[in-house]
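Working notes for the structure below.
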Amino acid sequence: MPHLMKSRQREPLWTEWDKKAQKSGLRHTVYYVGGDKYTGEWLDNKKHGKGTEFLKKSGEIYDGDWKNGKRSGFGTLSAPDPVTAEYVKVYSGGWKNGMKDGFGTYFFSNGEHYEGEWSKDQRSGWGRMYFKDGSIYEGEWLHDKHDGQGMLRLENENRYEGSWKNGKKHGPGKFFYLDKGQLYEGVWAEDVAKCGSMIDFGREGAPAPTQYPIPKVHLADPTSVLNFAQSNLFSGQE
């Protein structure tokens with residue numbers, strides 16, 4: 001009796017096409033309907049590994065690491081200059097889940113730039129900000145604002161060192177008026193000096209000292225007076 005062979009069952013054609021369409025490993029440029037395009041590595045049909053993405057609408061180019069379809073790791077974002085149309089660096093640093101995260105440097109369109117820590121697309125942690133007026137802030141950040149301990153140095157070298165909250169001087173701090181040779185030490189509340197003491201500080205070498213030195217005033221217990229004023233200030237806010 002002749003041996004009967006079973007016919008080999010073939011998979012539907014659409015499944016074969018679907019397997020070929022699944023992107024994995026290094027691929028040449030993949031074009032999207034809206035004009036975006038991506039060149040790089042894939043895993044399970046998602047951008048994963050090293051790759052470069054071009055966004056048609058904004059003209060931005062991201063070149064760096066990807067994970068599960070999102071920017072994650074180290075990468076650089078560039079965009080065309082509105083005047084020269086040449087590509088300039090916008091951000092270079094860490095990413096996580098498609099957002100700036102970790103240490104990185106961001107270049108603002110007005111010429112300012114920030115270098116420091118990020119969390120979920122916001123400046124958070126330690127960082128240094130260079131402003132267009134020549135001043136520099138170095139210290140702690142939270143939710144894109146100065147928050148914690150930090151120093152703001154103005155263009156004329158005068159500076160504030162102390163506490164910040166929600167982008168404003170808040171709490172104990174010192175303001176060095178190096179142009180006049182004076183030092184103010186006290187407590188601020190929402191950028192306003194509330195109570196403290198002003199003394200001459202390096203007045204002899206200051207470029208523009210006041211006409212007369214600050215007279216020395218002595219209190220029997222200056223620390224107690226200052227502590228009392230501070231406690232009244234913050235107890236009233238509560």
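For reference, positions follow the sequence shown, starting with 1.
- The minimum heavy-atom distance linking Ala85 with Pro80 is given by the pair O-CB, 3.9 Å.
- Separation of the His146 and Trp141 ring centroids falls under the 6.0 Å cut-off.
- Atoms NZ and OG, on Lys96 and Ser72 in that order, are 8.5 Å from each other to the nearest 0.5 Å.
- Remark: side-chain polar atoms of Gln122 are not paired, donor with acceptor, to backbone N or O of Asp144 under 3.5 angstrom.
- Under the 3.5 Å distance criterion, the side-chain polar atoms of Asp133 are matched with a main-chain donor or acceptor of Ser135.
- The residue from Tyr177, Trp188, Phe176 that alone fulfils the ring-ring contact (aromatic ring centres under 6.0 Å, His included) condition with Tyr160 is Trp188.
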Check the pair Val90, Glu60 against side-chain contact (heavy atoms from CB on, under 4.5 Å), reporting the backbone distance first and the verdict last. CA-CA 9 Å; Val90 176; Glu60 294 178 337; 5.7 Å; no
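- Side-chain N or O atoms of Asp179 include none that pairs as donor or acceptor with a backbone N or O of Asn158 at under 3.5 Å.
- For the pair Ser124 (side chain) and His143 (backbone), a donor-acceptor distance under 3.5 Å is present.
- Side-chain heavy atoms closer than 4.5 Å link hydrophobic residues (I, L, V, M, F, W, Y) into clusters, and following such links, possibly through other members, connects Phe131 to Tyr91.
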Check step by step if side-chain hydrogen bond (donor to acceptor under 3.5 Å, both in side chains) holds for Ser163 and Gln149. CA-CA 5 Å; Ser163 299; Gln149 294 296 308; 2.8 Å; yes
Using side-chain contact (heavy atoms from CB on, under 4.5 Å), reason through Trp118 and Arg123 one step at a time and then give a plain yes or no. CA-CA 5 Å; Trp118 295 78; Arg123 291 166 287 183; 3.8 Å; yes
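- Salt-bridge check for Asp65 with Lys50: passed, with a basic side-chain N closer than 4.0 Å to an acidic carboxylate O.
- Taking CG of Asn166 as the start and CG of Leu142 as the end, the distance is 9.0 Å to the nearest 0.5 Å.
- Contact detail for Ser78 and Lys89: the closest heavy-atom pair is OG-CA, 4.0 Å.
- In this structure, Thr52 contributes its side chain and Asp63 its backbone to no donor-acceptor pair below 3.5 Å.
- For CZ of Arg203, the number of neighbouring non-hydrogen atoms (other residues, nucleotides, ligands) closer than 6.0 Å is greater than 12.
- A donor-acceptor distance shorter than 3.5 angstrom exists from the side chain of Tyr87 to the backbone of Gly59, with no hydrogens or angles considered.
- To the nearest 0.5 Å, atoms CH2 (Trp42) and NE2 (His48) are separated by 12.5 Å.
- Interatomic distance, CD of Glu161 versus CE of Met151, reported as 6.0 Å (0.5 Å rounding).
- Atoms CG and NZ, on Asp121 and Lys100 in that order, are 4.0 Å from each other to the nearest 0.5 Å.
- For the atom pair CZ of Arg153 and CD1 of Ile136, the computed distance is 4.0 Å after rounding to the nearest 0.5 Å.
- There is a path of hydrophobic side-chain contacts, each under 4.5 Å, that joins Tyr114 to Leu152.
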Test log, rule side-chain contact (heavy atoms from CB on, under 4.5 Å), inputs Leu77 and Arg71: CA-CA 10 Å; Leu77 180 68; Arg71 303 170 185 175; 3.9 Å; yes
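- Between Arg128 and Glu138 there is a salt bridge, with a side-chain nitrogen of the basic residue lying less than 4.0 Å from a carboxylate oxygen of the acidic one.
- Minimum interatomic distance between Leu178 and Arg159 (heavy atoms only, all atoms of both residues): CD1-NH1, 3.5 Å.
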Step-by-step side-chain contact (heavy atoms from CB on, under 4.5 Å) determination, Trp95 to Lys70: CA-CA 9 Å; Trp95 297 79; Lys70 295 182 179 180; over 6 Å; no
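- Hydrophobic clustering (ILVMFWY, side-chain heavy atoms < 4.5 Å, transitive): Leu154 and Tyr184 are in one cluster.
- Exactly one residue among Tyr62, Tyr31, Tyr32, Trp66 makes a ring-ring contact (aromatic ring centres under 6.0 Å, His included) with Tyr38. That residue is Trp66.
- Scanning all heavy atoms of the two residues, the minimum distance from Thr105 to His113 falls at CG2-CD2, 4.3 Å.
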Which is it for Lys165 and Asp147 under the salt bridge (Lys or Arg N to Asp or Glu O under 4.0 Å) test, yes or no, and what are the steps along the way? CA-CA 4 Å; Lys165 186 176 181 180; Asp147 201 293; over 6 Å; no
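- Ring geometry, Trp164 versus Tyr137: the interplanar angle exceeds 60°, so the pair is classed perpendicular (tilted spans 30 to 60°).
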